[in-house]
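For reference, the structure discussed in these notes is given below.
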Amino acid sequence: MRNLFLFLFRFRGALVFGLLEIISLYLFVTNNSYQRAAFFNSANSYAGVVLERRTHITDYFHLADLNKQLAAENAALRQQLYPPDTARREADSVAIPPARTDTLRLVRYQRPASRPDTLLLGQQRLPARDPSYPLIPARVINNRLSNVDNFFTLNVGTANGVQRGLGVVAAGGVAGRVQAVTEHYATVASLLHSKTTIASKIKRDGTFGTIKWQGDDPTHALLDNVLRETKLVKGDTVVTSGYNAIFPEGIFIGTIDSFVKEPDKNFWTIRVRLGVNFSNLQYVYVVTSRPKAERDTVEARAGMLPEGGKRK
């Protein structure tokens with residue numbers, strides 16, 4: 001404290017001069033309209049630059065939270081593109097009590113004017129607008145491309161609702177299927193995996209096939225089981241067929257790049273350029289199919305699934 005007083009006493013002349021200068025500038029600016037406008041315009045300009053730089057720095061340290069919010073919003077918007085399995089269900093006609101003026105007292109039947117919230121099927125209420133394919137946003141924290149069987153790791157697990165066997169999609173299309181899951185992490189068998197098969201179809205004419213990776217080019221896969229009688233066009237879009245209940249119908253997979261008729265085969269050899277760039281895979285969405293367990297059960301009873309009652 002003594003040193004502070006000595007400093008102020010020593011430089012008292014300069015401090016008084018500076019204080020008087022500030023007071024004079026304040027009076028000069030506040031009492032002259034032109035100088036006041038010029039001062040505030042300049043001050044706002046410099047303040048804007050400082051605030052903009054501060055905002056850039058603050059935003060940089062909040063990028064992780066911002067990306068999570070955007071991923072969640074994208075998942076909600078993308079989910080709206082996938083119609084639920086109940087989308088085509090309609091309520092049956094319902095009984096209408098006879099009108100007071102109806103002398104015959106007849107009971108009439110008519111369909112509801114608007115779609116109800118629930119449907120009655122087998123004495124059980126079913127939701128009419130329940131989304132069948134909610135999406136869980138996830139970040140890819142590890143990815144491999146150099147093997148025959150490639151995997152990538154996600155930062156979500158059972159705590160987020162992820163289960164083994166669920167499908168995974170990216171902004172460019174189908175990415176893979178969950179192979180193993182812990183509480184906070186999941187390992188996904190990439191589409192670039194020798195045992196990953198995707199039930200698919202050609203969007204133009206609905207021809208069904210199966211997407212398989214041949215283990216060589218990470219940008220292409222093979223569309224198998226398409227008969228030679230099928231008319232193909234280069235550039236045709238290939239999407240999911242919805243046959244395996246893992247992916248909704250209509251998710252983009254890729255486009256036909258080339259096709260060849262093999263002399264000893266009854267099927268086309270079709271190369272499809274994949275829509276997902278696996279070398280730059282960052283954010284994906286896990287597809288949770290609510291009716292999958294029920295569908296697997298009924299198809300297993302009918303013998304439509306392989307031994308064990310689970311889909312490959």
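All residue numbers in this chain count up from 1 along the given sequence.
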Inset, instruction - For residues Ala170 and Ala175, report the shortest heavy-atom separation together with the two atoms involved. - result: N-CB, 4.3 Å
Inset, instruction - Could you tell me whether the side chain of Thr240 and the main chain of Gly250 form a donor-acceptor pair under 3.5 Å? - result: yes
Inset, instruction - Any chance you could measure Arg273, atom CZ, to Lys234, atom NZ, to the nearest 0.5 Å? - result: 9.0 Å
Legend entry - Under 3.5 Å side-chain donor-acceptor pair for Thr210 and Asp224: no
Legend entry - Beyond-backbone contact of Val239 with Ile251, side-chain heavy atoms, under 4.5 angstrom: no
Inset, instruction - Indicate the atoms forming the closest heavy-atom contact of Phe247 with Ile198, along with that distance. - result: CE1-CD1, 3.7 Å
Inset, instruction - Answer yes or no: is there a donor N or O on one side and an acceptor on the other, between the side chain of Asn160 and the main chain of Val162, under 3.5 Å? - result: no
Legend entry - Minimum side-chain heavy-atom gap Val284-Val276 below 4.5 Å: no
Legend entry - Approximate separation, where rounding is to 0.5 Å, of Leu192 CG and Leu281 CG: 9.5 Å
Legend entry - Worked verdict on Leu274 versus Thr219 for side-chain contact (heavy atoms from CB on, under 4.5 Å): CA-CA 6 Å; Leu274 300 176; Thr219 64; 5.9 Å; no
Inset, instruction - Determine, stepwise, if the pair Gln179 / Val188 fulfils side-chain contact (heavy atoms from CB on, under 4.5 Å). - result: CA-CA 5 Å; Gln179 186 75 14; Val188 179; over 6 Å; no
Inset, instruction - Salt-bridge test for Asp217 and Arg271: reply yes if a basic N is under 4.0 Å from a carboxylate O, no otherwise. - result: yes
Legend entry - Side-chain heavy-atom pair Thr269, Leu222 within 4.5 angstrom cut-off: yes
Inset, instruction - State, with a plain yes or no, whether a side-chain heavy atom of Val156 is found less than 4.5 Å away from one of His184. - result: no
Inset, instruction - May I ask you to test the Val272-Ile211 pair for a side-chain heavy-atom distance under 4.5 Å? - result: yes
Legend entry - Any Val178 side-chain heavy atom under 4.5 Å of Gln163 side chain: no
Inset, instruction - To the nearest 0.5 Å, tell me how far Lys231 NZ sits from Asp205 CG. - result: 11.0 Å
Inset, instruction - May I ask you to decide if Val260's main-chain N or O and Trp268's side chain share a donor-acceptor pair within less than 3.5 Å? - result: no
Inset, instruction - Under the side-chain contact (heavy atoms from CB on, under 4.5 Å) rule, what do Arg204 and Asp236 come out as? Steps first, then yes or no, please. - result: CA-CA 7 Å; Arg204 176 175 53 84; Asp236 272 349; 2.8 Å; yes
Inset, instruction - Would you kindly confirm whether Leu154 and Leu166 end up in one hydrophobic cluster when ILVMFWY residues are joined by side chain heavy atoms under 4.5 Å apart? - result: yes
Legend entry - Contact summary for Ser279 and Leu145, nearest pair of heavy atoms: CA-CD1, 3.5 Å
Legend entry - Non-hydrogen atoms of Ser190 and Thr196 that approach each other most closely: O-OG1, 3.0 Å
Inset, instruction - Taking atom types as modelled, find out whether His220 and Asp257 have a side-chain donor-acceptor pair closer than 3.5 angstrom. - result: yes
Legend entry - Tyr243 and Phe208 aromatic ring geometry - parallel, tilted or perpendicular at 30°/60° bounds: parallel
Inset, instruction - Enter the distance from Gln282:CD to Asn277:CG here, rounded to the nearest 0.5 Å. - result: 10.0 Å
Legend entry - Check: Asn155 side chain, Arg139 main-chain N or O, donor-acceptor pair, under 3.5 Å: yes
Legend entry - Among Phe152, Phe278, Phe151, ring-ring contact (aromatic ring centres under 6.0 Å, His included) partner for His193: Phe151
Legend entry - Under 3.5 Å donor-acceptor, Arg228 side chain and Lys265 backbone: yes
Legend entry - Heavy-atom check, side chain of Ile202 versus side chain of Thr237, under 4.5 Å: no
Legend entry - Minimum heavy-atom distance between Asn150 and Ser146, given as atom pair plus value: OD1-N, 3.4 Å
Inset, instruction - Taking Thr230 for its side chain and Val226 for its backbone only, find out whether a donor-acceptor pair lies under 3.5 Å. - result: no
Inset, instruction - For residues Ser200 and Val238, report the shortest heavy-atom separation together with the two atoms involved. - result: CB-CG1, 3.9 Å
Legend entry - Exceeds 12 heavy-atom contacts within 6.0 angstrom, atom CG of Asn266: no
Legend entry - Cluster link Tyr285 to Phe252, ILVMFWY, side chain under 4.5 Å: no
Legend entry - Within-4.5 Å side-chain heavy-atom neighbours: Tyr185 and Ile141: yes
